[in-house]
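Input: a single structure, listed below in structure tokens.
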Protein chains: 2
Amino acid sequence: MQLNELSARSGISTASIKYYLREGLLRPGEAVTATRARYGEHHLRRLELIQALRQIVGLGIEQIRTILSAADGGAPRLEVLATVQRVVLQLEPHGAEAHDAKGTSGEAPRGEGVASARPGDAVVRLRDWPDEESDARSALDAQLAHMEALGVPVSPEVLDAYSAAMDTIAGLDLQLTAEAADLDRAILTAAVGMHMHSQLLLKLLALAQASHAIRRFHGGSA
Amino acid sequence: MQLNELSARSGISTASIKYYLREGLLRPGEAVTATRARYGEHHLRRLELIQALRQIVGLGIEQIRTILSAADGGAPRLEVLATVQRVVLQLEPHGAEAHDAKGTSGEAPRGEGVASARPGDAVVRLRDWPDEESDARSALDAQLAHMEALGVPVSPEVLDAYSAAMDTIAGLDLQLTAEAADLDRAILTAAVGMHMHSQLLLKLLALAQASHAIRRFHGGSA
DNA sequence: GGCTTTAGGATAGGAGCACTATCCCATTGT
DNA sequence: ACAATGGGATAGTGCTCCTATCCTAAAGCC
């Protein structure tokens, strides 16, 4: 199919498709002649992926490009998925953290490269997760420290419950992404899945809060 | 203190403060004379709240206004916190959902106002939460249906684990927000807490996924 | 062979958002 | 009295994600 049809089938204007092309999110079609290019099903899937990443997960073009470059660069599946993690967790190396605000207090009670007494240690041991350094690991430590600093501490029990749930889900996710027919679909599953789970949590939290409030003041507002 | 000092102490430019004033996020100072107004500590706290809502939670001005109007409108604390929930969950009545994308399949296997067999029923019963209609409740049902439709289903066990954790946290939150000295701080705790928990989950999920991947392929990339 | 259609590159325009900068004037304090 | 200041009004900026217009050259079609 060519540009026009791709646009019609995807529901995305040719202008936007050209834009994605320019931005390197979508690979150029196979140039049949100098003025005609042919696109395939994978272009369609790619567009769906871009759309989902933008609209559902809320990523920016730059971030999407980071993921898709890895995917198109021939990186192994696991590495691409690691990139997805990094982006969704907003800890892209070159992106850096921009929002430090005025914090609440100093930095945090953890040293620099201190290997002992990291906030996440307990979970890792409890779940018997490999205790090796990773982006996710340091992100976890940072998050726990951050929450501590903001006055929203996390109890070991809660951390336990969270991590148990995550352990289960991670297994399923691995299976889902392994089953995914192509890399694009694996990315979609991974990114959308992560986002959806955190949204789900938010909704459950809200419901739990409402329930507690009702119980405590029985009859209050939702 | 007056504008200048408020700006200096909060680290926010007078221009921005004037902007917030105009947008109705910050209440006008007490007009000492026709050209001089006095601001108090609560203005400072309000600015911190606005800042946190913008930078940490990522809300827009409009959304912040929704919350703060409720707070300034003299609504009872619980109602204001319910508003916070609504906004953070992105289910502001008038905001509506804008992203339906092209979905994945039809709509969802749930009827319209069907009172039976809602996806969230199991959790509610399990946790013994009051089974009354609420924004959070319908948000949960919608989220579960949405995830189902997107091919990211949630198993009962996972839902169980999540809800158990949320039940615990909600209790703590209620306590924290009840303890909060003023409404602004309660809002901050509530909004930041919700956000932080969902971020924490994301990080734990990432770590769990990485761990599973490592275990399965032992020695792969993070 | 000529004429309309089309791809795709270049470039500019536009909408939304969160500010930011400028202007202005009345008051204020010295 | 006169420079300084607060605060209202208004316009502009920077960023992002598109969208619209123009253009050229090749293609297809008769």
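Each chain gets a letter, A, B and so on, in the order the sequences are listed, and its residues count up from 1. The structure presented is a predicted model; accordingly, all values stated were derived computationally and were not measured.
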Spacing of [X] atom [atom1] relative to [N] atom [atom2], expressed in whole Å:
{"X": "B:Arg36", "N": "D:dG7", "atom1": "CZ", "atom2": "P", "value": "8 Å"}
{"X": "B:Gln63", "N": "C:dC17", "atom1": "CD", "atom2": "P", "value": "10 Å"}
{"X": "B:Leu25", "N": "C:dC19", "atom1": "CG", "atom2": "P", "value": "9 Å"}
{"X": "B:Leu3", "N": "C:dT20", "atom1": "CG", "atom2": "P", "value": "14 Å"}
{"X": "A:Leu21", "N": "C:dT11", "atom1": "CG", "atom2": "C1'", "value": "17 Å"}
{"X": "A:Ile17", "N": "C:dT6", "atom1": "CD1", "atom2": "P", "value": "15 Å"}
{"X": "B:Gln2", "N": "D:dG7", "atom1": "CD", "atom2": "P", "value": "7 Å"}
{"X": "B:Gln55", "N": "C:dC19", "atom1": "CD", "atom2": "C1'", "value": "12 Å"}

In the structure I gave you, are the side-chain heavy atoms of B:Lys18 and B:Leu3 within less than 4.5 Å of one another anywhere? yes
Is B:Thr33 near enough to C:dT28 that one of its side-chain N or O atoms lies under 4.0 angstrom from OP1 or OP2? yes
Quick check on D:dG6: is either OP1 or OP2 less than 4.0 Å from any side-chain nitrogen or oxygen of B:Asn4? yes
Would the number of heavy atoms belonging to other residues, nucleotides or ligands and lying under 6.0 Å from CZ of B:Arg185 be above 12? no
Hey, is CZ on B:Arg38 packed in by over 12 heavy atoms from elsewhere, all under 6.0 Å? no
Of B:Leu183, B:Thr83, B:Leu25, B:Leu26, the one forming a side chain to side chain contact (heavy atoms under 4.5 Å, CB included) with B:Leu68 is B:Leu25
So which protein nitrogen or oxygen atoms get under 3.5 Å of nucleotides 15-19 of chain D's nitrogens or oxygens?
| from | atom 1 | to | atom 2 | distance (Å) |
| --- | --- | --- | --- | --- |
| D:dC17 | OP1 | A:Ile61 | N | 3.2 |
| D:dC18 | OP2 | A:Tyr20 | OH | 3.4 |
| D:dC18 | OP2 | A:Arg54 | NE | 2.8 |
| D:dT19 | OP2 | A:Ser16 | OG | 2.6 |

Taking all non-hydrogen atoms of both residues into account, name the closest pair between A:Ser138 and A:Arg118 and its distance. CA-NH2, 3.9 Å
For a quick check, tell me whether the side chain of B:Lys18 and the base of D:dG6 share a donor-acceptor pair closer than 3.5 Å. no
Would you find a donor on one side and an acceptor on the other, under 3.5 Å apart, between the side chain of A:Arg45 and the backbone of A:Gly40? no
How long is the straight-line distance from OH of A:Tyr20 back to CD of A:Gln51, given to the nearest 0.5 Å? 5.0 Å
